[in-house]
Amino acid sequence: MTAPQTIPQGRSGTPPRPSLADRRPMIECRGVQKYFGDYHALRGIDLTIREGEFFSLLGPSGCGKTTLLRTIAGFEDIGSGVVLVDGKDMANVPANVRPTNMVFQSYAIFPHLTVAENVGFGLRRDPRSRAEKAAAVEEALEMVGLRGYGKRAAHALSGGQRQRVALARALILKPKVLLLDEPLSALDRKMREQMQVELIKLQRQVGITFVLVTHDQEEALVMSDRIAVMFEGQIAQLDGPEALYARPASRRVADFIGVMNFMPARILGETAEHVTVAVPGFGTVEIPARNVSRADPGDPGPSIGFRPEAATLLAANAEATGRVNGGVIDEVVYYGDMTYYDVIMDGSDAYDGIPHEVRISMRNVFGREVPDVGTRVRVSWSPGSLVLFR
Amino acid sequence: MRRFQGSGLRVYAVLYLAFLYAPIALLPIFAFNNATVIAFPLQGFTTEWFGQMVQNAALRQALLNSLIIAVSASVLATCLGIFAARASTRFRFPGRGPIMGLIMLPLVLPEIIVAMSLLVVLLAAGLSLSILTVILGHTLICMPYAIAILSTAFSSLDRSLEEAAYDLGETKWSAFRLVILPLVMPGIISALLMSFTISLDEFIIAFFLAGNQPTLPTYIFSQLRFPKSIPMIMALGTVLVVMSIALVTLAEYFRRRGVARTGQTDSGGFL
Amino acid sequence: MAAGNSTEAGQGLRLIAPPLLYAILLLAVPLLTILAFSFFKDGYLTIVREFTVENYVATWTDPIFRTILLRSLWVAGLVTLFTVALSFPVAYFLSFVVASERKAMWIFLITIPFWTSYLIRVFLWKVILGYNGVINSGLKSVGLIEQPLQFLLYNTGSIVLTLSHSYAPFAILPIYVALEKIDRALLEAGRDLGESRLMTFWRVTLPLAMPGVVAAVLIVFIPTIGDYVTPTVIGGGKIPMVANMIQAQMLDIDNKPLGSAIAISSMAVVAALSMVFLWLNRRFLRVRA
């Protein structure tokens with residue numbers, strides 16, 4: 001990882017897969033800037049994507065993730081900076097000769113061609129014989145689970161089938177990098193979840209570097225080896241899914257990925273190993289140094305954050321593990337497999353006079369009663385699951 | 001209540017259609033009527049007027065001129081229209097609004113103004129009036145219609161189709177040829193047929209710019225003064241209207257095929 | 001491919017160049033030429049290139065021009081009123097009553113007459129309305145009249161009728177497009193908020209359809225005022241309109257500067273009226289919005 005200090009990298013020190021760091025870089029972006037007229041779309045992107053990696057660009061719409069993808073594909077010129085694919089500078093290399101292929105958000109299936117003609121579209125200049133090409137098409141269709149669909153008209157396909165044709169069409173050319181622009185956003189929820197798993201399997205099978213653009217944090221967490229979270233044309237955090245979820249680099253990243261409770265905190269002291277803070281309703285807590293992240297410019301002051309599943313409600317007679325604080329249930333949101341409890345911690349108004357709620361999620365266990373609003377509860381939590389934003 | 005209101009409107013709409021079609025319906029009636037004056041009661045069936053029409057040498061010349069003009073003008077207008085439709089639907093460039101405004105202006109400009117101003121300039125430029133000058137004028141007035149049809153064809157294309165072809169290794173030109181052209185081909189044929197129909201039926205520009213060369217409409221106009229020619233004109237009119245309807249129907253067929261091919265829902269007809 | 005903005009603009013301009021050049025040479029240059037001519041003097045068979053406003057003075061002081069212009073405006077105004085008022089229910093029917101899969105067919109049926117020869121359609125009205133025409137001979141043969149009715153042809157009414165017939169599809173289509181754009185939930189909201197069907201139409205549908213009505217008015221008014229064929233054939237040359245006067249000055253009398261001045265004057269009047277109309281409409285819409 002050669003990125004400059006301004007981009008917070010994973011502090012875990014251990015990449016998600018041990019072998020990843022040893023692999024050769026497949027895509028390298030160095031100081032990539034892009035303007036659309038006066039609009040500064042990419043503000044200095046530095047990143048390295050390694051061979052065989054499933055990499056995601058995650059961010060809200062307008063954050064520049066699609067622009068970055070199209071820059072790698074060669075559809076957009078860059079203002080300044082360098083894009084290398086497999087070690088070669090891509091400046092002046094047009095999209096049609098780059099070793100990258102793209103799955104478009106709309107899939108861009110040619111409506112006037114059959115499925116087989118779509119999949120074989122890129123083989124027109126291939127010197128192989130007609131029969132060999134047909135075999136390659138059939139093989140590609142089989143790979144995406146569309147065996148025997150070759151003669152179908154493209155415009156008669158369902159959304160999921162179009163998606164598969166687009167994948168086969170790109171993969172048949174054996175690109176070094178497959179670029180996927182929000183490939184699942186047009187599918188319904190069930191289909192999307194199914195395709196997520198299929199895409200992961202497909203990527204392992206072909207071993208090609210996948211770069212996925214998505215605004216769906218869950219999708220990114222499920223599928224990726226590493227994720228770059230982007231806001232306003234910059235990378236806010238680049239990390240593996242676990243690190244990203246457990247130790248977000250800023251409140252904004254924390255807010256964008258999953259649900260996180262924020263509580264105002266007062267810093268009492270600091271050593272090399274941990275920072276000591278006072279949190280209303282939780283008392284004095286020692287936060288491990290690796291769980292200390294930076295606050296965003298707009299933040300009201302230091303705060304701690306924890307995920308809803310990082311705390312549990314204790315049954316009346318249960319033994320406590322870790323620390324325990326008391327509170328009252330203020331709201332219950334029942335989801336079937338789990339329940340969200342909004343709990344007002346005792347003394348949570350000590351800091352600024354406002355009682356603060358924390359959201360705690362509990363898996364529902366058959367036979368266990370869901371406590372009602374107004375119930376007094378004990379909340380068990382561990383200091384290691386808290387993140388400090390300062 | 002709703003149903004009642006709808007049925008009242010339906011009756012009105014059908015009457016309105018009848019009003020639109022009534023004059024045209026008279027053409028075949030009197031074209032086959034065995035009488036030299038166009039009047040009721042009908043006098044019996046004849047094909048004499050069609051026979052007269054076929055044997056008329058001046059009419060044949062007019063038809064030949066009209067066909068030359070219509071073919072040339074429709075091809076020219078459609079070719080120019082492809083450039084304009086592609087440019088206006090795919091690219092942003094400075095002055096796009098005013099430029100397209102100028103090109104589409106003949107749609108709302110009275111034809112007499114177009115004809116007179118063209119006449120003045122063509123004469124000043126030293127061109128003698130002929131079929132060629134009519135072709136120039138017809139191209140000008142057919143172009144906006146061609147662009148209107150072609151623009152719908154071009155704008156219904158997903159821009160990423162082109163990018164996909166490019167991404168899969170084609171050049172910009174071969175991407176256009178392999179993907180864009182087949183998809184807009186129905187639109188192109190439709191634009192050709194429409195332009196052909198407009199040119200074939202156009203009177204004012206042909207009247208002022210053709211010099212002494214007759215076209216079908218100017219020939220018809222010249223014969224209106226002679227009552228004995230009227231039955232033959234009815235026959236000719238029948239043929240022309242049938243041709244126009246056939247051409248427009250064909251054009252509509254191609255337009256719809258284009259819509260079906262790109263897999264969209266049909267949103268309605270021309271203009 | 002879609003590189004920077006400058007190259008996209010460049011590609012666009014390169015593509016638009018051929019049709020633009022054509023329109024400049026055969027439309028802009030001719031229009032500017034007659035504009036220039038209108039300020040030149042007419043010598044016998046030549047044009048004296050000296051700046052003068054005489055042609056405009058001559059045009060506007062000529063009572064014949066004023067009569068003809070007023071007549072043209074009157075005819076075009078009536079035609080516009082009739083076509084738009086009669087077309088609106090048809091457009092409404094198309095948009096709100098016809099099932100969506102049959103809309104294309106209805107539109108096709110309505111546009112077909114427009115694509116048949118204009119000259120033949122105009123001539124047919126002459127056949128219908130003439131002294132020995134279809135109506136007179138028909139009425140005579142069923143014994144309703146003894147003598148042919150003479151008031152049918154060669155008058156302003158017959159010109160208005162013929163033009164209204166010709167321009168009907170032009171009025172229907174823009175109104176239909178505007179009606180199609182109206183979110184149906186708005187109408188239900190109008191009803192839900194307690195308005196009657198009629199008041200919902202008045203307070204919701206009509207204001208939202210106004211852009212289409214405006215387009216219909218302009219698209220009918222502008223070409224009809226410059227129509228040449230109908231006054232020639234239906235008016236029998238006795239009821240000339242502006243187009244006939246321009247043609248006469250330009251060709252028969254061969255006074256191109258005066259003809260140009262008449263053409264420019266008429267276009268200026270039409271343009272001014274359209275502007276006033278658009279302005280009134282914008283005010284009208286703002287009041288209602």
Side-chain angles (χ1 to χ4, degrees), chain B residues 6 9-10 12-13 16-17 19-21 23-24 26-27 37-41 80-81 83-84 86-87 91-94 99 102-103 105-106 108 110 112-113 116-118 120-121 124 136 140 143 163 166 172 197 201 203-204 217 220-221 224 237 240-241 244-245 248 252 266 268-271, chain C residues 1 8-9 11-13 15-16 18-20 22-23 26-31 33-34 37 89-90 92-93 97 103-104 107-109 111-113 115-121 123-125 127-128 132-134 137-138 141 168 173 219 222-223 225-226 228-229 233 243 246-247 250 256 263 267:
Chain B
L9 276 172
R10 185 177 297 273
Y12 177 80
Y16 197 93
L17 268 189
F19 167 67
L20 281 186
Y21 280 87
I24 300 166
L26 292 174
L27 274 174
V37 292
I38 307 301
F40 285 110
L80 290 170
F83 281 95
R86 167 93 174 147
F91 298 101
R92 314 211 143 266
F93 48 88
I99 288 173
L102 174 68
I103 294 173
L105 188 61
V108 287
I112 187 79
I113 303 280
M116 283 300 144
S117 56
L118 257 179
V120 166
V121 167
L136 291 177
L140 185 72
M143 194 160 65
E163 288 182 343
Y166 191 57
K172 277 174 202 176
T197 313
D201 289 338
F203 169 69
I204 302 276
I220 291 171
F221 185 75
L224 293 184
L240 274 179
V241 166
S244 293
I245 292 177
V248 172
E252 170 74 1
D266 197 349
F270 302 109
L271 299 173
Chain C
M1 101 177 303
E8 178 173 338
Q11 276 177 297
L13 286 172
L15 266 177
I16 199 75
L20 176 63
Y22 195 87
L26 282 106
L27 186 64
V29 168
L31 288 178
T33 306
I34 60 164
F37 269 29
V90 180
Y92 187 87
F93 166 76
V97 182
K103 279 180 180 174
I107 291 167
F108 184 56
L109 278 177
T111 38
I112 273 205
W115 295 106
T116 61
S117 167
Y118 177 50
L119 181 69
I120 287 180
R121 275 179 292 147
F123 156 67
L124 282 167
W125 279 106
V127 169
I128 293 169
N132 284 315
V134 171
S137 64
S141 66
L173 290 175
I219 225 166
I222 297 173
I225 205 163
Y228 177 84
V229 175
V233 175
I246 295 170
Q247 183 262 337
M250 287 281 214
K256 293 203 169 65
M267 283 205 292

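All values below were derived from every heavy atom in this structure, side-chain atoms included, with hydrogens, water molecules and symmetry-related copies excluded. By convention in this document, chain letters (A, B, ...) are assigned in the order of the sequence lines, proteins followed by strands, and residues within each chain are numbered from 1.
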Mind checking side chain to side chain contact (heavy atoms under 4.5 Å, CB included) for B/Pro23 and listing every partner two or more places apart, or none if nothing turns up?
-> C/Leu124, C/Trp125, C/Ile128, C/His165
Residues forming a ring pair (Phe, Tyr, Trp, His ring centres under 6.0 Å) with C/Phe123, sequence neighbours excluded = none
Under 4.5 Å from any heavy atom of chain C - which part of B/Phe83 = both
Could you tell me the separation between the OG1 atom of C/Thr33 and the CG atom of B/Leu118, rounded to the nearest 0.5 Å?
-> 9.5 Å
Residues, nucleotides or ligands: over 12 heavy atoms within 6.0 Å of C/Tyr22 OH = yes
Could you look at B/Tyr12 and say if it's the side chain, the backbone, both or neither that has a heavy atom under 4.5 Å from chain C?
-> side chain
Sort out for me which of B/Pro110, B/Ala87, B/Ser117 touches chain C most, counting heavy-atom pairs under 4.5 Å.
-> B/Ser117
B/Ile24, part contacting chain C, at a heavy-atom distance under 4.5 Å | both
Bottom line for C/Ile120: the part with an atom under 4.5 Å from chain B's heavy atoms is side chain
From B/Glu252 atom CD to C/Thr111 atom OG1, the distance as rounded to the nearest 0.5 Å | 7.0 Å
Segment of B/Leu17 engaging chain C (4.5 angstrom heavy-atom cut-off) = side chain
What part of B/Phe221 gets closer than 4.5 Å to chain C, counting heavy atoms only: side chain, backbone, both or neither?
-> both
Part of B/Ile204 within contact of chain C (heavy atom distance under 4.5 Å) = side chain
For B/Val108 against C/Ile222, the heavy-atom pair lying closest together | O-CG2, 3.0 Å
When heavy-atom pairs shorter than 4.5 Å are enumerated against chain C, which of B/Leu105, B/Leu102, B/Leu26 gives the highest number?
-> B/Leu102
Write down the atom of C/Ala23, the atom of B/Ile103, and the distance for their closest heavy-atom approach.
-> CB-CG1, 3.9 Å
Rounded distance (nearest 0.5 Å) linking atom CD1 of B/Ile113 with atom CD1 of C/Ile34 = 5.5 Å
Can you measure from CZ (B/Arg10) to CZ (C/Phe93) and round to the nearest 0.5 angstrom?
-> 4.0 Å
Side chain / backbone / both / neither for C/Leu119 at chain B, heavy atoms under 4.5 Å = side chain
Which atom of C/Ala9 lies closest to which atom of B/Phe93, heavy atoms considered = O-CB, 3.6 Å
Between OH of B/Tyr21 and OG1 of C/Thr116, what distance do you get to the nearest 0.5 Å?
-> 8.5 Å
